[in-house]
Protein chains: 2
Amino acid sequence: MDPRVARSRATVLDAATAILVESGPTALTVDAVVARSGVARSTIYRHWATRDDLVGDVFDHCTPLPAPPPAELGFEAAMRHFLHDLVRQFADPKWARLMPALMALKSYEPTMGAIEQRREAMERKVSHELFTRGQREGLFGPDLDRNQATALLVGPIVFALVSGEVPITEHLADASLASFMAGVRAGAATAP
Amino acid sequence: MDPRVARSRATVLDAATAILVESGPTALTVDAVVARSGVARSTIYRHWATRDDLVGDVFDHCTPLPAPPPAELGFEAAMRHFLHDLVRQFADPKWARLMPALMALKSYEPTMGAIEQRREAMERKVSHELFTRGQREGLFGPDLDRNQATALLVGPIVFALVSGEVPITEHLADASLASFMAGVRAGAATAP
DNA sequence: ATGAAACAGTACGATACTGTCTCGTACTGG
DNA sequence: CCAGTACGAGACAGTATCGTACTGTTTCAT
């Protein structure tokens with residue numbers, strides 16, 4: 001690949017990401033990227049057919065993917081691993097500001113919806129695999145509503161992100177997990 | 001108040017709300033409101049100085065306020081009341097679509113930030129009063145992190161809203177509360 | 001009834017953004 | 001070295017949106 005192309009693409013993506021983080025999706029115009037990156041308008045349109053393609057690429061470029069926990073861990077340890085990874089992702093101020101924007105956009109823009117859906121599917125695949133471990137350990141039966149359980153575990157961390165009032169720390173993840181485990185032991189979460 | 005004014009304002013707000021719900025904030029242009037409402041452009045600008053004022057009014061008009069639970073209820077019953085009320089709010093498809101948009105906007109637009117902050121302050125005031133009840137009942141000590149506890153209780157419901165994969169029902173609220181109470185009884189949530 | 005106010009309809013200037021195009025320059029790979 | 005390619009700079013048309021101004025009509029309150 002021509003190093004000039006790689007350099008231009010990287011410069012544009014960096015500038016576009018910065019604009020998106022600082023000022024939101026509507027501020028991400030081609031002219032703004034030109035002004036900020038110093039890359040010429042014609043060069044941008046050589047690499048992206050439309051502005052929307054560029055926006056999509058920026059989101060794609062920033063979207064973190066969940067890391068599957070080591071297979072040897074049991075449910076609780078693996079879920080802790082998973083939640084800590086989530087906390088680490090949310091600690092990145094870039095993604096912390098982009099995710100609410102992506103959440104809002106996905107309702108209106110089908111293009112963004114696809115990006116968010118892909119990320120969410122990955123996340124759900126990982127979390128469901130963890131629930132399978134828990135089921136094998138006899139923590140809960142097959143009647144556990146896994147989507148709801150995911151909400152109980154992940155919800156508090158997402159809430160902390162969008163609210164901004166709760167610090168996003170591993171301690172919060174531990175509290176969420178401890179609360180869930182207590183509920184499981186009390187038999188609450190296994191209700192259909 | 002002149003009935004013509006009341007009628008115009010209501011017609012405009014209805015149309016603007018519909019546009020906002022269906023197509024998002026960027027689609028909420030003055031021309032779009034003119035086309036949808038049938039109200040003349042000059043009339044709109046007679047009642048709202050700028051487009052942003054109109055958008056703010058629409059959000060203000062749709063933002064639900066939390067109902068303080070009856071004072072005679074104990075912590076658990078009152079919190080259940082509070083969470084059920086939240087579920088009821090999120091069940092309104094209008095607010096369900098507007099809230100993510102407001103969450104995303106609040107990072108970039110200070111005007112929207114003020115609206116969201118006011119709503120959030122109300123909600124936090126109510127929830128903190130509930131925690132005071134729980135503390136009086138001896139469920140937890142004064143060292144309980146109330147913001148974090150709010151995240152544990154409300155987070156799953158908010159997650160259900162933004163994810164779209166979990167049905168927002170009173171059963172979800174009950175599960176969240178049951179999990180939290182189990183954690184409290186196990187002494188987990190009282191850790192600083 | 002009548003004056004005042006609100007209304008519909010519309011034209012207008014100003015600005016901003018998109019996507020295309022051209023031209024001359026600078027760089028890369030063979 | 002040199003042909004091919006990417007690049008910078010900017011003009012351009014087309015469209016969208018905002019906010020203002022103006023005209024004539026309808027409606028309200030007294």
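Below, chains carry the letters A, B, ... as their sequence lines are ordered, and counting in each starts from 1.
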**Request:** Considering just the side-chain nitrogens and oxygens of Thr43(B), establish if one lies under 4.0 Å of OP1 or OP2 belonging to dA8(C).
**Result:** yes
**Message:** Looking at dC17(C), I'd like to know if its phosphate oxygens (OP1 or OP2) sit under 4.0 Å from a side-chain N or O belonging to Arg51(A).
**Reply:** no
**Item:** d(CD1, Ile44(B); P, dC7(C)) in whole Å
**Value:** 11 Å
**Message:** Tell me the interatomic distance from Arg4(B), atom CZ, to dA8(C), atom P, rounded to whole angstroms.
**Reply:** 11 Å
**Item:** d(CH2, Trp48(A); P, dT18(C)) in whole Å
**Value:** 14 Å
**Asked** Is there a side-chain contact between Asp52(A) and Thr111(A), using heavy atoms and a 4.5 Å cut-off?
**Response** no
**Message:** Is it the case that the side chain of Glu137(A) and the backbone of Phe75(A) share a donor-acceptor pair, with hydrogens and angles ignored and the cut-off at 3.5 Å?
**Reply:** yes
**Message:** Between P on dC7(D) and CZ on Arg7(A), what's the gap in Å once rounded to a whole number?
**Reply:** 7 Å
**Request:** Examine dC7(D): is either OP1 or OP2 under 4.0 Å from a nitrogen or oxygen in the side chain of Ser8(A)? Give yes or no.
**Result:** yes
**Asked** Any side-chain N or O of His47(A) less than 4.0 Å from the OP1 or OP2 oxygen of dC7(D)?
**Response** yes
**Prompt:** For the atom pair OG1 (Thr150(B)) and CD (Glu165(A)), what is the distance rounded to the nearest 0.5 Å?
**Reply:** 10.0 Å
**Asked** Toward the 5' end of DNA chain D, which comes first, Pro3(A) or Thr50(B), by nearest nucleotide?
**Response** Pro3(A)
**Asked** Ion pair present between Lys125(A) and Glu129(A), side-chain N to carboxylate O less than 4.0 angstrom?
**Response** no
**Asked** Nearest-Å distance, CZ (Arg9(B)) to P (dC7(C))?
**Response** 10 Å
**Asked** Of Ala6(B) and Val34(B), whose nearest nucleotide on DNA chain C comes first from the 5' end?
**Response** Ala6(B)
**Asked** At under 4.0 Å between heavy atoms, what does Ser42(A) touch on the DNA or RNA strands: base, sugar-phosphate, or nothing?
**Response** base
**Fill in**
Met1(B) atom CE is separated from dC7(C) atom C1', nearest whole Å, by 16 Å
**Asked** Checking only heavy atoms, does the side chain of Arg41(A) share a donor-acceptor pair with the base of dG19(C) at less than 3.5 Å?
**Response** yes
**Message:** Nearest 0.5 Å, please: how far is CG in Leu20(B) from CG in Leu98(B)?
**Reply:** 4.5 Å
**Request:** Round to a whole Å and report the spacing from OH of Tyr45(A) to P of dC17(C).
**Result:** 11 Å
**Request:** Have a look at Asp31(A) and say if it touches a base, only the backbone sugar-phosphate, or nothing, with a 4.0 Å heavy-atom cut-off.
**Result:** base
**Request:** Let me know the distance between CZ of Arg46(B) and P of dT20(D), rounded to the nearest Å.
**Result:** 13 Å
